[in-house]
Asker: 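Structure provided below as structure tokens; questions to follow.
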Amino acid sequence: MSGVVIKTRENGPLLVSGPFKLIDHLGNEYDLTGKENVALCRCGVSAKRPFCDGTHRTCGFQSGEVVPTPPIA
Ligand code: FES
């Protein structure tokens, strides 16, 4: 499989892997040369947004969502 994969980390960033581009709100592309995996901040506290800088570990961010499973019949 060669598509983009976005994986949530419990109480942490979104890990993005695969062939992708990251574009800012002005249409400028981030230079991801040599990076096959990128961690995107979802706690909103990183000093390097949109990238994770590890601050989620100390800011109290909590997010442990999982894929909903169907109820057992
Ligand atoms: S998710 Fe890591 S700093 Fe925000």
Side-chain angles (χ1 to χ4, degrees):
M1 187 167 90
S2 61
V4 176
V5 175
I6 303 173
K7 186 175 181 181
T8 61
R9 294 289 310 267
E10 185 177 14
N11 303 328
L14 298 173
L15 299 180
V16 185
S17 61
F20 63 90
K21 293 180 180 180
L22 182 58
I23 312 291
D24 72 12
H25 67 286
L26 298 176
N28 301 306
E29 183 175 345
Y30 286 90
D31 181 8
L32 301 177
T33 304
K35 296 183 180 180
E36 295 182 7
N37 304 295
V38 172
L40 297 178
C41 176
R42 66 178 174 142
C43 74
V45 182
S46 173
K48 296 181 177 179
R49 288 185 306 260
F51 304 103
C52 170
D53 69 356
T55 306
H56 61 269
R57 295 186 196 106
T58 58
C59 74
F61 177 67
Q62 292 188 337
S63 182
E65 66 278 303
V66 295
V67 175
T69 55
I72 298 173

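Each ligand, and each atom within it, is numbered from 1 in the order the structure gives.
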Asker: Sort and list the pairs that fulfil salt bridge (Lys or Arg N to Asp or Glu O under 4.0 Å) and have at least one residue in residues 37-50, not counting sequence neighbours.
Answerer: R42-E65

Asker: Inside 2.8 Å of atom 2 (Fe) of ligand 1 but strictly below it, how many protein N/O/S atoms are present?
Answerer: 2

Asker: Which residue pairs satisfy the salt bridge (Lys or Arg N to Asp or Glu O under 4.0 Å) criterion with at least one member in residues 10-23, sequence neighbours excluded?
Answerer: none

Asker: From C52 SG over to L40 CG, what is the distance, rounded to the nearest 0.5 angstrom?
Answerer: 9.0 Å

Asker: Under 3.5 Å, side-chain donor or acceptor atoms of residues 55-62 against the rest of the protein: list the pairs with distances, not counting sequence neighbours.
Answerer:
| residue | atom | partner | partner atom | Å |
| --- | --- | --- | --- | --- |
| T55 | OG1 | D53 | OD1 | 2.5 |
| T55 | OG1 | D53 | OD2 | 3.2 |
| T58 | OG1 | T55 | O | 3.2 |

Asker: In Å, rounded to the nearest 0.5 Å, how long is the span from OH of Y30 to CG of D24?
Answerer: 5.0 Å

Asker: What heavy-atom pair brings L15 and A39 nearest, and what distance separates the two atoms?
Answerer: CD2-CB, 3.6 Å

